[in-house]
2 protein chains.
Amino acid sequence: MVTLADVAQHAGVSASTVSYVLSGKRSISASTRARVERSIAQLGYHPNAGARALASSRSNIIALMIPLRTDMYLPVMMEIAIAVATTARGHGYDVLLLTGEEGPAAVRRIEGSALADAMILMDVELEDDRLPLLREASRPGVLIGLPADPAGLSCVDLDFEAAGALCAEHLAGLGHREIAVIGEAAAVYERHTGFAERTLNGLRERSGELGLRLLHRPCEGSYAAVAATLARVYDERPGTTAFVVQNEAATDPLLALLRQQGRAVPEDVSVMAICPDQLAAHASVPLTSVAVPAQKMGRHAVEQVVAKLEGRAADGVVLLAPELTVRESTGPRPVPVPPVSPR
Amino acid sequence: MVTLADVAQHAGVSASTVSYVLSGKRSISASTRARVERSIAQLGYHPNAGARALASSRSNIIALMIPLRTDMYLPVMMEIAIAVATTARGHGYDVLLLTGEEGPAAVRRIEGSALADAMILMDVELEDDRLPLLREASRPGVLIGLPADPAGLSCVDLDFEAAGALCAEHLAGLGHREIAVIGEAAAVYERHTGFAERTLNGLRERSGELGLRLLHRPCEGSYAAVAATLARVYDERPGTTAFVVQNEAATDPLLALLRQQGRAVPEDVSVMAICPDQLAAHASVPLTSVAVPAQKMGRHAVEQVVAKLEGRAADGVVLLAPELTVRESTGPRPVPVPPVSPR
DNA sequence: GTACTCTGTCGAAGCGCTTCGACAGTTTCT
DNA sequence: AGAAACTGTCGAAGCGCTTCGACAGAGTAC
């Protein structure tokens, strides 16, 4: 194991000089710097993380807490996690992966042990147990999601209200009057993760202004569940001409079922989704969608957290503006065919 | 920040005694232990991770290197990652998340900086750059996957050859004679990640023994790609009566397309998949499948790595036996309808 | 030429923990 | 009763690094 002292000896300088070369916190003459850098390279020196953390009280680690739930939108979580890890590395940080399992105790543990310099929390609920602890913590934290009370915290999320509104506008603009929302599984609403409710609020409000009739049904992602929900929708609102889907797993089954029922998309019925772009683009009918920008969210969260660590950012909520991409699954409202009058 | 010394003073003992209470490496009288433990609880003490790592040269961190590729089987990766994190926590370890981006340099960095005590690598290629470094490293490593030469390394993976064989057996047992394999995207084969090739080997070998005709086509997961592949298959082998799918994303499109073409599953054509159980169970036709046991793999990898850290395990390859679950998508080979002879 | 300011380097202290050897006090053996 | 073996606790050293104050030497100001 190569140590700072080894490098110092090899370069013929003192240990502190090597340290200053590494950190840049004091000026070093060009010749000394070069000599030290050569020694570092030759010896293959890497600073010991523990010693560094102990001496500087900075671990250069960011903790990322992901939900444990294995039932839901894993791809989005994974994309965020990868974006977080990649961005963090770019800023010289490593990422510690925590699962939601430990709950608030994890926050305390990280804080107490100085394992990480900061935390990023995913899957935040409206009244999350971890938030009070995070507010008191001496280390910065950033949420991906939006709790009921974001005071004293930094948050990054998609503006789901605006996303909902955007959907309503798009469909209203195409002349639709009755639309159905295929939502997340009921459990998601019960957990009050917020994003689903916010989408719904946005949809409802804008729909009201635009004179759309809205029907919302939570729905599991399985084929059978989508089939049941669809049947119910047409039963309750036969005049439905457009769907908004906010459940990644439900889009494919929905398209398959509509096709099976002889309803052409978008000629007979329009479908739009709130989901990652990749998914929308690869569906059996490329879907008009509002993107869930997983990568961007991960990147923003890290940048926010790093900014706070460097003391050049305050708390605040960042809501990313939703972007609508029109693909092939939405079209004008079909002209209602007048029933053939029996003569 | 509460330190060991604070606890010691509060409990009226020396620092070393507190340390021994924590580690259990020397015997401590029951009364002292109780007193110390009460102080720890009262003060809310957490050992400083950096100091601990420095003094003991063990960080209690396991590094997990996941692929950066955002194109492929993210859910499986995520499931493994979550299982790794959960299991590791159960053994007192935290997990550091690295992306494949850094490549071999990451191995060197972890080794040099003593950031982690051990590494788990995912998405291992047959001739992986990281392996030589890992073999020389002083810290144990475990691969999830199977490289060309596993000598000097520990590996955990599904026995994909056996999985392939199992598929062939199942279909042969139902009387099928011509089967088509819808494989992973061509890029996966080109990358030589191994698992796809191994599956194919298993399928080929057993098919040969059982007199099955096999057709293999790599295929992207998008709807359009599956449609093209399917058309090609029926063009080249009109007598195909069963499909084996090894590409999570392709199953749904395949089922939808078959339905669309008026081919009933399993009456007219059988479909089986190699994919996580959850996915198979929720498809539009519940799929007979060989499970990819993501969680089990993650758990095994951690247990192996912990065993090595504790000096009670050697290198070795663990191939998990595949398990076939018969659901509703496979049935006996349809009786060929003799063409109606024109009279 | 004296007084001052910079610049570049060094030595030493100390971060909070683990661990080794020492040792007082108690048991057990003979 | 004395030797031998434990038990339970303590003090001190040291893990590899950062950082503070000190200081020699060079440059600048008057």
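Each chain gets a letter, A, B and so on, in the order its sequence line appears, and its residues count up from 1.
For the residue pair B/Ser16 and B/Ser19, no side-chain donor N or O sits within less than 3.5 Å of a side-chain acceptor on the partner. Donor-acceptor pairing under 3.5 Å is lacking for the side chains of B/His46 and A/Ser113. In the model, A/Gln304 has a side-chain atom that pairs as donor or acceptor with a side-chain atom of A/Ser154 under 3.5 Å. Between the side chains of B/Glu303 and B/Thr87, not a single donor N or O lies within less than 3.5 Å of an accepting N or O.
The side chain of A/Thr32 places no N or O atom within less than 4.0 Å of a non-bridging phosphate oxygen (OP1 or OP2) of C/dG8.
The separation between A/Arg33 atom CZ and C/dT9 atom P is 9 Å, rounded to whole Å. When the P atom of C/dC15 is taken as reference, atom CG of B/Asp6 falls 11 Å away, rounded to whole Å. Rounded to whole angstrom, the span from the CG atom of B/Asn48 across to the C1' atom of D/dC17 amounts to 13 Å.
Here D/dC17 is the nucleotide among D/dG8, D/dT9, D/dC17 with the atom lying nearest to any side-chain atom of A/Leu4. Side-chain proximity of B/Ser29 to C/dC17, C/dG8, D/dG8: nearest is D/dG8.
Taking a 4.0 Å limit (strictly below) on heavy-atom distances, residues 12-25 of chain A reaches DNA chain C at A/Val13, A/Ser14, A/Ser16, A/Thr17, A/Tyr20. Looking at residues 52-62 of chain A, you'll see A/Leu54, A/Ala55 sit with a heavy atom under 4.0 Å from some atom of DNA chain C.
Between the side chain of A/Arg35 and the base of C/dG8, no donor-acceptor pair under 3.5 Å is found. Taking only distance into account, the side chain of A/Arg26 never meets the base of D/dT19 through a donor-acceptor pair shorter than 3.5 Å.
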**Residue pair B/Val302, B/Ile120: steps toward the side chain to side chain contact (heavy atoms under 4.5 Å, CB included) verdict** = CA-CA 8 Å; B/Val302 172; B/Ile120 296 178; 3.9 Å; yes
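A side chain to side chain contact (heavy atoms under 4.5 Å, CB included) with A/Pro147 holds for exactly one of A/Leu121, A/Thr193, A/Leu131; it is A/Leu131.
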